[in-house]
There are 2 protein chains.
Amino acid sequence: MDAITIKDIARALNLSTSTVSRALRDSYEINPETKRLVVEYAARFNYRPNPIALSLKENRSRVIGVIVPQIANNYFSQVINGIDAVSYSRGYQVIIFQSHESYERELLTVQQAVARKADGLLISLSGSTSDVSHLRDLQERKLPIVLFDRVSKDLDSLCVTADNFTGAFAATEHLIQSGRRRIAHLTIPSYISITQERLAGYRAALEKYGLPYDENLIRYSEFGQNNVEPVVNDLLDQSPDAFFAAGDRLALGCLAALKKRNVAIPEAVSLIGFTNTPVADLLAPPMSTVEQPALEIGQVAAEQLIDLIEGKRKLAQPGMIRIPTRMIVRESSQPVGNILQV
Amino acid sequence: MDAITIKDIARALNLSTSTVSRALRDSYEINPETKRLVVEYAARFNYRPNPIALSLKENRSRVIGVIVPQIANNYFSQVINGIDAVSYSRGYQVIIFQSHESYERELLTVQQAVARKADGLLISLSGSTSDVSHLRDLQERKLPIVLFDRVSKDLDSLCVTADNFTGAFAATEHLIQSGRRRIAHLTIPSYISITQERLAGYRAALEKYGLPYDENLIRYSEFGQNNVEPVVNDLLDQSPDAFFAAGDRLALGCLAALKKRNVAIPEAVSLIGFTNTPVADLLAPPMSTVEQPALEIGQVAAEQLIDLIEGKRKLAQPGMIRIPTRMIVRESSQPVGNILQV
DNA sequence: GTAGCTTTCGGTAACGTTCCCGATAACGTT
DNA sequence: AACGTTATCGGGAACGTTACCGAAAGCTAC
C-alpha cells in the first residue's frame, strides 16, 4: 500500500479534490461537517501531503541546502547541528552536501541543490574555490545565499563567521606575553577569507609588540592531517618557539608532527590552535585553543537565511556578522617557567 | 531568470515537448538532425531535468535517506562519508537526518524521508528506540531498508555492523593478558544490539580465562560526555583495574572522568575504547582502541541498499554483514611493568 | 494502386496539489 | 418577482516530465 493522496480521500468521500484540499487547509468556504469528515478520514488513513507535488507546484521546497567542505570535521558537524536546530523549528528541512574541498564538487553540489529547488543555500566555501561566479549567478537569480566560516568578499552576500581577527590577535598576544618571540603561523590556502583575517590578527599582534613579521614563519598547508607533517618539519628549520595553527585539522596535525619529532611542548615550542575539538583538554599536552562558537554560527546563519527566504530581510544586503571567539589557555602554551604549576 | 524547461526548448524550436524529451533521451525515433538541434539548444541554455517533476512522475527520487543519531560524532560522520562516496558514484543523492537519540525524532524523520519519496533508508537506530514497528510497516510497503551499527534483531532486514563480538572479545582478552582481573565494562543503554554483542564478547573472554562475571562492573550510561562522569565515579567504588568502554563518547568521557579523579592510566587502571576517534594517539595517555571500520560500514551498507533498490537483491532477505574490527594497543592499556618501554 | 511498413513527430494523460473560475442552491432585498 | 448575496462545492489548469497512442508522409511490395 502506498501513501494516501487527496484524490483517494475525494473518491472515498464523494467529493472533489479541491474540496478536500480546502477542507484540509481549513478554508472558510467549506461546510464544517464536510471538514470534519475529511479531516477524520485523513487522520484515519494517515494522510500526508506530498511535498514533492507541492515543490513542483509552488516552485519552492522548504528545503535548505547546506554545503560544507567535510562533514567528518567536528567544527562543521557542530555548525550543522546549529543549522539543523533552527531550520527544524522554523519548518525547513536541511539537505547536506560535501564539497570535499574540491571546487568541481562544489559546483556540482550547488547545481544539485538548485535543481532540487532548495529555497536557499548555506555555504562554507571549499578550500580550492577561488572563483565565486557560480554563486553570484544564483544570487542574481534571487536565490538567497548566506556564507559562513569560509566566506568571500567577492560575493555580496550575508556572511557569518567567527571573529577571526580578534581571535588570532588574542592567541598571538597570549603567546607573546608568555615569552615567545618567533611565532610560526600554520594556515590554510590563502584565497579563503578566514586565512587572511587570522593572518591579519596575527600580524597586528606582532606589530603591537614590535616584533618583526617574518614570512618564513608563515606556512600554508593543504587539508588532511598527512599533509601537515612535512610543513611542520620544514618550519622547524626556522627555529620557532611557538606554533599558532589556524584550523582544526592543522592544530592536531601539528601536534602529531611535533610529538613525532619529539619536540617538547610547551618547553621547546608553544602550541595554540584555532579549533573546536571537544577533546582538546584530553590531549597530551592539553592544547590551548581559540574556540569558535560553531553551534552559534550555524544558528545565526540559518536564521539569517530563513529571514531572507521569507522576505523578512531584503536581498542583496551584504554584511558580515562576527561571532566572538573564546580563548582557552591550557598546558600547551604555558610559559616555560610556569609549567610545573599547572 | 529561472531554470529552463523542456517546454521552453520545445517552444523555441517549434517542436512538441514529447519530441524534445525523446531527443534528450536519445530515442531512436527522432531524426538525428532534430536531435542535434535539441541537444545543442539544451546545452547552450544549460538545461537540467527537474528532479522534482521526475520524482512526482516516477514515484522515486534517486535519493537515499540516512538517519543517524548524531552527525557530530566522528564515527557517524565517517560512515556518512562511506555512504556518500558509494551513493554518489551510483547516481544517488543522500539526505541526512538526525534522530538526536530520540525515538520521537526518529519517527518524525523517517516519515519525512518517506514523504520525500526516498528510494531507500539507511538507519542507525536511536538510543531510545526499543520498538521498530514503524520500520516494519515501511518494509511491508516494500521500502528497502538497511540497518547499520545500531541494528535490531526485531526487524527482518539486512544489517551491516562491525564485528562487535570479536572486537569486544579481543579487547577484553588483551586486558586480561596484560594482567587485569577486575575489568569494568561501560556501555550504552541496552536495547541496542551492539550493546549486547559487545557485552557478550566481553563475557566470553572472561569465561575463557575463568574470570567471574560481576554485574557490578557493568554500567550503562546515557549519551553525552557529561553523563559519563558519575557512572565512572560510581564504578570506581568497585575497585576495577581496567575499563572497557563500548563507544566513542563513552571512552572519551571515561578518560576525562578518570583524569579528573587523578586515577593513573594505565598504572591504576587500564583503559580501552571501542571507538573511532582519529586523535586517540594524541590523547594523554594515547588510548588503546578497537577501531571500527566506519567508512567501510558506510560503503557496504550503501551498496547493499542500492542493490536492494535496483532489484539486484531480493527484498526481505535478512542477514547480517559483519565488518572486522582492528585492535590498536596504545599506552592506556599497557601492563604496568611495561610502561616505561613505550 | 492499394495495402502495409517505416520514419518522424504531436497530442494527451498522468503523477499530487492548489488556485482560479464558475455553478448551484438557498436566502434576503427591494 | 426580479435580482443580489452567501454558503458550499466542482471543474479545470498548471507545475515539468515521460509514456502511450496515434498520425502524416514517404516508401516498398504485391
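Naming convention: chains lettered A, B, ... in sequence-line order (proteins, then strands); numbering from 1 in each chain. Only a predicted model underlies this, so the values are computations on that prediction, with no experimental measurement involved.
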> Going through the checks in order, is the side chain to side chain contact (heavy atoms under 4.5 Å, CB included) test met by B:Tyr92 and B:Val86?
CA-CA 8 Å; B:Tyr92 284 79; B:Val86 170; over 6 Å; no
> Using a heavy-atom cut-off of 4.0 Å across all strands, would you classify A:Asp8 as base, sugar-phosphate, or nothing?
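Here A:Asp8 touches no strand at all.
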> Under 3.5 Å for both donor-acceptor distances, Watson-Crick or wobble: does D:dA7 have a partner, and if so which one?
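Checking every strand shown, D:dA7 finds its partner in C:dT24, with both distances under 3.5 Å.
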> What are the bounds, 5' to 3', of the part of DNA chain D that sits under 4.0 Å from heavy atoms of chain A?
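So the outermost contacting nucleotides come out as D:dT8 to D:dG16.
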> Quick check: closest heavy atoms across B:Asn46 and B:Arg48, and the distance to 0.1 Å?
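In terms of heavy atoms, the two residues are closest at OD1-NH2, 2.7 Å.
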> Can you check each nucleotide of nucleotides 13-23 of chain C against protein heavy atoms at under 4.0 Å and return B for base, S for sugar-phosphate only, - for none, in 5' to 3' order?
-BBBBBBB---
> What integer distance in Å separates B:Lys35:NZ from C:dT7:P?
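These atoms are roughly 12 Å apart.
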> Could you go step by step and tell me if A:Gln139 and A:Leu135 meet the side chain to side chain contact (heavy atoms under 4.5 Å, CB included) rule?
CA-CA 6 Å; A:Gln139 238 181 0; A:Leu135 300 180; over 6 Å; no
> Checking side-chain contact (heavy atoms from CB on, under 4.5 Å) between B:Leu24 and each of B:Ile30, B:Val38, B:Thr19, which is the one that passes?
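Per the side-chain contact (heavy atoms from CB on, under 4.5 Å) rule, the option paired with B:Leu24 is B:Val38, out of B:Ile30, B:Val38, B:Thr19.
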> Remember a base hit wins even if backbone is also touched, and classify B:Ser55 as base, sugar-phosphate or nothing at under 4.0 Å, heavy atoms.
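Result for B:Ser55 = nothing.
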> Could A:Arg150 and A:Glu101 be called an ion pair, given the rule that one side-chain N must be under 4.0 Å from one carboxylate O?
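Counted as a salt bridge, because a side-chain N and a carboxylate O are separated by less than 4.0 Å.
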> If you measure from OG on A:Ser126 to CD on A:Gln70, what distance do you get to the nearest 0.5 Å?
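It comes to 11.5 Å.
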> Using a strict cut-off of less than 4.0 Å between a Lys/Arg side-chain nitrogen and an Asp/Glu carboxylate oxygen, indicate whether A:Arg136 and A:Asp131 qualify as a salt bridge.
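Salt bridge between A:Arg136 and A:Asp131, a charged N being under 4.0 Å from a carboxylate O: no.
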> In Å and rounded to the nearest 0.5 Å, what is the OG to CD distance from B:Ser61 to B:Gln93?
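Between atom OG of B:Ser61 and atom CD of B:Gln93 there are 9.0 Å.
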> How many Å lie between CG on B:Asn31 and P on C:dG10, as a whole number?
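One finds 11 Å between P of C:dG10 and CG of B:Asn31, rounded.
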> Please work out if A:Leu15 contacts a base, only the sugar-phosphate, or nothing of the nucleic acid, heavy-atom cut-off 4.0 Å.
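Touches sugar-phosphate only.
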